[in-house]
Amino acid sequence: MEKIMGLTNFFCQVFQTKTQDIVSALNFVENTKMQLEDMRENGWDDFFMSVVSFCELHCVDVPDMGGRYMTGTRRSCQQKDFITIEHAYRIDVFNDVIDCMMRELNDRFPEQTVELLTLSSALDPRNSFMSFNIEQICKLTDKLYPADFLPHELKALEVELKYF
């Protein structure tokens, strides 16, 4: 939880700065998603080793992770499947927490919105339109205003934008 919350805390702090531009913010979103996905795919072993170190430091017994995970009153008739303790903690806790964070990020920043904001950033007037990008403006026009521009008008727009 410390790593996940540390990652998301940094992400939240970045989003609260007043000088944040759209492209940088979206890069932070993508970077956070990649780090969470990497943690989900490759982070279990490091996480488990840190838990074992903590348990050893504080004289806490570590259960046999290959043992059977028991739910309820431990009666065998109540146990649905043979699930190991490692599976229960890795899949049902560790991965579920990361999946929950990924869902939240994907719900708040769906792919279409990210693309729209990225393309719109080409129209940012700060620093004398420093982020002006003809390719992105043409792509934005093509995606959002397909009925307003004929193909030859889109080509003309691209030529006209070169003068700016």
Side-chain angles (χ1 to χ4, degrees), residues 1-72 79-146:
M1 289 306 292
E2 180 184 359
K3 285 184 179 182
I4 294 170
M5 289 298 142
L7 183 63
T8 55
N9 180 51
F10 178 72
F11 175 79
C12 290
Q13 296 300 321
V14 165
F15 266 75
Q16 292 176 23
T17 60
K18 293 182 181 185
T19 59
Q20 190 65 266
D21 66 283
I22 293 171
V23 175
S24 292
L26 294 175
N27 285 337
F28 275 107
V29 170
E30 290 305 313
N31 190 353
T32 302
K33 285 181 181 181
M34 286 182 352
Q35 287 186 49
L36 286 171
E37 186 62 34
D38 183 58
M39 191 180 302
R40 186 181 193 284
E41 297 299 320
N42 305 312
W44 171 254
D45 292 331
D46 290 339
F47 168 72
F48 184 68
M49 293 310 296
S50 67
V51 169
V52 168
S53 296
F54 177 86
C55 290
E56 289 172 352
L57 183 66
H58 296 286
C59 300
V60 175
D61 291 332
V62 178
D64 173 21
M65 297 305 278
R68 185 174 184 178
Y69 181 73
M70 304 292 276
T71 59
Q79 305 306 315
K80 296 178 185 166
D81 295 324
F82 181 81
I83 296 174
T84 63
I85 294 172
E86 179 181 5
H87 179 275
Y89 284 108
R90 183 177 188 165
I91 304 301
D92 298 337
V93 178
F94 183 77
N95 285 354
D96 276 357
V97 169
I98 294 172
D99 291 346
C100 179
M101 297 301 291
M102 291 290 287
R103 258 190 318 278
E104 284 295 319
L105 285 173
N106 288 330
D107 287 348
R108 293 178 195 282
F109 302 98
E111 193 174 312
Q112 297 85 359
T113 303
V114 169
E115 183 180 27
L116 173 64
L117 291 172
T118 303
L119 294 174
S120 298
S121 70
L123 301 171
D124 186 2
R126 287 186 285 182
N127 298 326
S128 300
F129 288 93
M130 188 174 96
S131 59
F132 184 80
N133 184 316
I134 294 171
E135 183 180 314
Q136 285 186 331
I137 293 171
C138 290
K139 192 173 180 181
L140 179 69
T141 306
D142 188 38
K143 284 188 173 261
L144 296 180
Y145 304 104

Nearest 0.5 angstrom please: [X] [atom1] to [Y] [atom2], how far?
X	Y	atom1	atom2	answer
Ser53	His58	OG	NE2	10.5 Å
Arg108	Glu104	CZ	CD	5.0 Å
Cys100	Asn95	SG	CG	12.5 Å
Ile98	Glu41	CD1	CD	9.0 Å
Phe48	Glu86	CZ	CD	7.0 Å
Lys143	Gln136	NZ	CD	12.0 Å

Between [X] and [Y], what is the shortest heavy-atom contact and its length?
X	Y	result
Ile85	Arg68	CG1-O, 3.9 Å
Gly66	Thr84	O-CG2, 3.7 Å
Ile83	Ala88	CG2-N, 4.0 Å

Has Gln13 got more than 12 heavy atoms of other residues, nucleotides or ligands less than 6.0 Å from its CD?
-> yes
More than 12 foreign heavy atoms under 6.0 Å from CZ of Phe109: is that the case here?
-> yes
Partner set under ring-ring contact (aromatic ring centres under 6.0 Å, His included) for Phe94, not counting sequence neighbours = Trp44, Phe47
Distance-only criterion, 3.5 Å: show the donor-acceptor pairs between side-chain atoms of residues 30-40 and protein atoms not counting sequence neighbours.
residue	atom	partner	partner atom	Å
Asn31	OD1	Gln35	NE2	2.9
Thr32	OG1	Phe28	O	2.7
Lys33	NZ	Asn106	OD1	2.8
Asp38	OD1	Asn42	ND2	2.7
Arg40	NE	Asp99	OD1	2.6
Arg40	NH2	Asp99	OD2	3.2

